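Numbered from 1 within each chain, the chains take letters A, B, ... in sequence-line order. Everything quoted here is computed from the prediction, not taken from an experiment.
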Amino acid sequence: MHIYLLQAVTQNPDSSYWYLPVGLQLLFAIAFVGLMMGVTHLLGPSRKTADKLSNFESGIESVGNARQPMAVKYFLVAILFVLFDVEVIFFYPYAVNFKSLGWEGFLAVMMFVGFFLCGFIYIIKKGALKWED
Amino acid sequence: MNVSDILFYFLSALAIGSAILVVISRSPIYSVLWLIVTFFAISGHYIMMNAQFLGIVNLIVYAGAIMVLFLFVIMLINLNTDAKPQKGKWLRLAGTVAGGCLLLVLVAALKNTEVKGMGVQVGTGDIGLINQLGKALFTEYVVPFEISSILFLSAMVGAVVIGKK
């Protein structure tokens, strides 16, 4: 009975059964990383000196505090990236249904992109992505 | 108990366990890393419920982009031990009461649903598949779709106004 069910599932290209190889690969990747970290921990020699345990900063002795608040410019770039990332994700369902949606769907997407384009022009005009100021 | 049930309970335990670790971790960086594990578990649930597009989008947007934002926020704030906010006794009590109220509401809402006591419904329903989702989004829900672009526009303008001064 289970074999029949599996056959019915495997004939459907939309079935989540096809994510089984992805899951297996993920499992093996995690297992491999865990195994290697454990094995190197067990087999490798461990000589703990003060020099070895200090943070590696390209060979220079570390100075100052690492926990300094960083510039807000990074955050601005990141949040703009997220917004345009979401815009691109909305294109996937449209691209799959491109033929069947016709002109109506095209106009909807053009309006969507138009709003984003307004925002993009605003960002460029304001110089928000300019690093030096 | 078949394979999908085992997978369902494993993913649920992973999601809840890592979500608890998000809350109780001392370091905010560890909290973010556990949150990524939670998102992976939830993506696994999406894929099991035949909503593969939602699962992948959850990974791309939340585990990819939003987590970078969270890390930037953590790096923006001052994390030195002397600058940590002191949590008073009353604040803890208020948090406990608020969280307990939310738990009560969720339990009461889930108590009367028809899915109570059922395992995960593997392979049923197809609204989470990319072509069905696209059809629904661009025909039935085209107005909310356009309104969401205005939301994005306002987010862009807000970020630039606040970030640039």
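- Using a 4.5 Å cut-off between non-hydrogen atoms, the part of residues 148-156 of chain B that approaches chain A consists of B:Ser148, B:Ser149, B:Ile150, B:Phe152, B:Leu153, B:Ala155, B:Met156.
- Taken from OH in A:Tyr19 to OH in B:Tyr46, the straight-line distance is 14.0 Å, to the nearest 0.5 Å.
- Both the backbone and the side chain of A:Ile89 have a heavy atom closer than 4.5 Å to some heavy atom of chain B.
- Between A:Tyr74 and B:Leu76 the shortest side-chain heavy-atom distance does not fall below 4.5 Å.
- Nearest heavy atom pair, residue A:Leu76 against residue B:Gly163, reads CD1-CA, 4.3 Å.
- When B:Phe40, B:Phe72, B:Phe145 are compared by the number of non-hydrogen pairs under 4.5 Å with chain A, B:Phe145 comes out ahead.
- B:Ile130 touches chain A through backbone and side chain together, each having a heavy atom under 4.5 Å away.
- Contacts with chain B were tallied for A:Gly114, A:Ser100, A:Cys118, A:Ala78; A:Ala78 has the most, counting heavy-atom pairs under 4.5 Å.
- Taking each heavy atom of A:Asn97 and B:Lys135 in turn, the nearest pair found is ND2-N, 3.3 Å.
- Ranked by heavy-atom pairs under 4.5 Å with chain B, the list A:Phe81, A:Phe120, A:Phe115 is led by A:Phe115.
- Looking at B:Leu7, neither its backbone nor its side chain comes within 4.5 Å of chain A, counting heavy atoms on both sides.
- Interface residue A:Tyr92: backbone and side-chain heavy atoms are both found under 4.5 Å from chain B.
- Of the possible donor and acceptor atoms, none in the side chain of B:Asn131 sits under 3.5 Å from a partner among the backbone N and O of A:Val96.
- Using a 4.5 Å cut-off between heavy atoms, B:Val142 touches chain A through its side chain atoms alone.
- Contact of the B:Val161 side chain with the A:Tyr122 side chain is registered, since non-hydrogen atoms from C-beta on lie closer than 4.5 Å.
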